[in-house]
Novice: 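Okay, handing you the structure first.
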There are 2 protein chains.
Amino acid sequence: MFHTRPLVVEKSAIEPCSACAARPYSVCSAIDDKDLSRLAALAQIITPAAGRSFIEEGDPAEHFFNITGGTAKLFKLLPDGRRQITGFAGVGHFLGLAVSTTYAFGAEAIEPMRVCRFSRPRLRSLLEDFPALERRLLEVASNELVMAQEQMLLLGRKTARERVASFLIARADGQTPRPAYCTHVSRPSAVWLPMTRSDIADYLGLTIETVSRTFTRLRSERLIETPSPSEVVIRDHAGLERLATGME
Amino acid sequence: MFHTRPLVVEKSAIEPCSACAARPYSVCSAIDDKDLSRLAALAQIITPAAGRSFIEEGDPAEHFFNITGGTAKLFKLLPDGRRQITGFAGVGHFLGLAVSTTYAFGAEAIEPMRVCRFSRPRLRSLLEDFPALERRLLEVASNELVMAQEQMLLLGRKTARERVASFLIARADGQTPRPAYCTHVSRPSAVWLPMTRSDIADYLGLTIETVSRTFTRLRSERLIETPSPSEVVIRDHAGLERLATGME
DNA sequence: GCGCGGCGTTGACGCAAATCAAGGGTCCGG
DNA sequence: CCGGACCCTTGATTTGCGTCAACGCCGCGC
């Protein structure tokens, strides 16, 4: 495992928010250029290595986080070690909204990350001054809620094949925002999977073995190809989508 | 089933928000007395009968809803009829947050209801004038998100017994906010279940039969009593809680 | 180069929950 | 008072996925 040592690397003033590549995707886009310096003054940048935890479920919630690079898995645990990954958070993702005083989930980097960190009380005062930021956060939270409901449908009612198909479709749609006019076109598209089979299993409520077997079966049915374990090519997007939505 | 006829019954001006019993529990508590008349002017009250749908998944999202009486089930469907209930919404609950232009879920009354309805564009303008309302909504959404994550853990990783136990504990804790000093006390507490076994099954990702059998088993283990199908008495709260959290 | 630990795949087997089936209770309309 | 539509419960049987086990691959430290 990984040792616990301080993660703070730099004050963001060194690399101000104005040059932040993640800004257009993140909640920070709600802040005007002229006010960015105030935001920058509040932020610390941490760069967790792959495999490194940076939020522990149950710890006092002292910070908000804004991901500007890499990907994390968010998860909840049962006392005996069973794990449910509730989501993967990439660039632009905002973490730590909960009103509670402790974190409701843990977070661990699955790729080297770059994360902006804000102390909660300070961000609260910022929220008072920038209603637009609050509006943006509400938007984000609403979207997450919709995705959470979709995931509940998956976990409660879909078969293993449907779960894996849904996962791949969601990944494909999320990472390649393709123009509307070719939405239905069934052409191969590559999907990158930075997480392990174990992570996918814990996200889909399955076991490693079932995930692996399902990939194998989808491959034998010519729905996908797997050039490498972390790379999937969707050969029949429409077919996979029908499968994902339980239409066959 | 039920016919589709208009549900609107009265303008809320007839029974103004100031007298609303649900106000302290709902987002409306963020609005001052002096501004309530403006809120009241925007609201329509509908009273769906038990079994009546009042939100259809996929329909254009024209309204926000605020529940002031009764209980609804919220659900998502697969094309072949499989159903996942994503939550039960009672007094004070706010529905329709999604930024999308269509509803992401359906809603149906399980008891006779009383619901305040606001048109979306109008409420948007209201939000601009009352930042406190926006803050309150963000709070609500954050809480829902935490609960959704908890439910994902349940659906993805808990056994049937653990799911039913979790459900009962959540119901017991939610409906009877008991003083802190008797939190751990193992004394019987009654839980009212307005929903059918089928609803419980669809909420927990199980079948009716499994839910029924699990109740029977918990009863034979003296953890609960079931005076009637819609009434459960928790005899061993601590034991049920251990079971719910996977500790045995 | 070699041993080792983590990851992914595959096969054999077992089990928890789904499915299939039957019966009893309650409510309601005719 | 009776028939039918729901509910809920219980039993018998099936099955999808989990569990257990073995093995190959790859990267890494020594």
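Values below: all heavy atoms of this structure, side chains included; hydrogens, waters and symmetry mates excluded. What you see is a predicted model; the values in this text were computed from it and never measured. The chains referred to below are lettered A, B, ... by the order of the sequence lines, with proteins before strands, and numbering in each begins at 1.
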Novice: In whole Å, I'd like the distance from the CD atom of A:E162 to the P atom of D:dG16.
Specialist: 12 Å
Novice: Rounded to the nearest Å, what distance is computed from the CE atom of residue A:M195 to the P atom of nucleotide C:dG6?
Specialist: 21 Å
Novice: Provide, to the nearest angstrom, the distance between the CG atom belonging to A:L193 and the P atom belonging to C:dC7.
Specialist: 15 Å
Novice: Is the shortest heavy-atom distance from the side chain of A:H93 to the side chain of A:L95 under 4.5 Å?
Specialist: yes
Novice: Using atom CD1 of B:I208 as one end and atom C1' of D:dT9 as the other, report the distance to the nearest whole Å.
Specialist: 11 Å
Novice: Go through D:dT9, D:dT10, C:dG8 for me and flag the one nearest to the A:P229 side chain.
Specialist: C:dG8
Novice: Using ring pair (Phe, Tyr, Trp, His ring centres under 6.0 Å) as the criterion, list what pairs up with A:F215, not counting sequence neighbours.
Specialist: none
Novice: Expressed in angstrom and rounded to an integer, what is the separation of B:E231 atom CD from D:dC8 atom P?
Specialist: 14 Å
Novice: How is B:S212 classified with respect to the nucleic acid when contacts are heavy atoms under 4.0 Å: base, sugar-phosphate, or nothing?
Specialist: base
Novice: Can you name the residues that form a ring pair (Phe, Tyr, Trp, His ring centres under 6.0 Å) with B:F167, not counting sequence neighbours?
Specialist: B:Y203
Novice: For the helix from C:dG1-D:dC30 to C:dG30-D:dC1, what angle lies between the axis at the first five pairs and the axis at the last five pairs, to 10 degrees?
Specialist: 30°
Novice: Going by side-chain hydrogen bond (donor to acceptor under 3.5 Å, both in side chains), name the residues that satisfy it together with A:E111, two or more places apart in sequence or in a different chain.
Specialist: A:T71
Novice: Report, as a single string ordered 5' to 3', how protein heavy atoms within less than 4.0 Å touch nucleotides 17-30 of chain C: B base, S sugar-phosphate only, - not at all.
Specialist: SSBBB---------
Novice: Identify, with sequence neighbours excluded, every residue that meets ring pair (Phe, Tyr, Trp, His ring centres under 6.0 Å) alongside B:Y103.
Specialist: none
Novice: Could you list by number each residue of residues 217-227 of chain B showing a heavy-atom separation from DNA chain D of less than 4.0 Å, or answer none if no residue does?
Specialist: none
Novice: Going by the rule salt bridge (charged side-chain N to carboxylate O under 4.0 Å, His left out), which residues pair with A:E225 if we only count those two or more places apart in sequence or in a different chain?
Specialist: A:R235
Novice: Compute the ring centroids of B:F94 and B:F64, then answer whether they are less than 6.0 Å apart.
Specialist: yes
Novice: From CZ of B:F215 over to P of D:dT10, roughly how many Å is that when rounded to an integer?
Specialist: 12 Å
Novice: Nearest whole Å is fine: how far is D:dG18 P from A:D80 CG?
Specialist: 15 Å
Novice: Apply salt bridge (charged side-chain N to carboxylate O under 4.0 Å, His left out) to A:R82 and list each qualifying residue two or more places apart in sequence or on a separate chain.
Specialist: A:D80, B:E162
Novice: Is any side-chain nitrogen or oxygen of B:T216 closer than 4.0 Å to OP1 or OP2 of D:dT10?
Specialist: yes
Novice: For A:F65, give me all partners under ring pair (Phe, Tyr, Trp, His ring centres under 6.0 Å), at least two apart in sequence or on another chain.
Specialist: A:F54
Novice: Among all residues two or more places apart in sequence or in another chain, which pass the salt bridge (charged side-chain N to carboxylate O under 4.0 Å, His left out) test with A:K73?
Specialist: A:E108, A:D199
Novice: Residues two or more places apart in sequence or in another chain: which of them pass salt bridge (charged side-chain N to carboxylate O under 4.0 Å, His left out) with A:R197?
Specialist: none
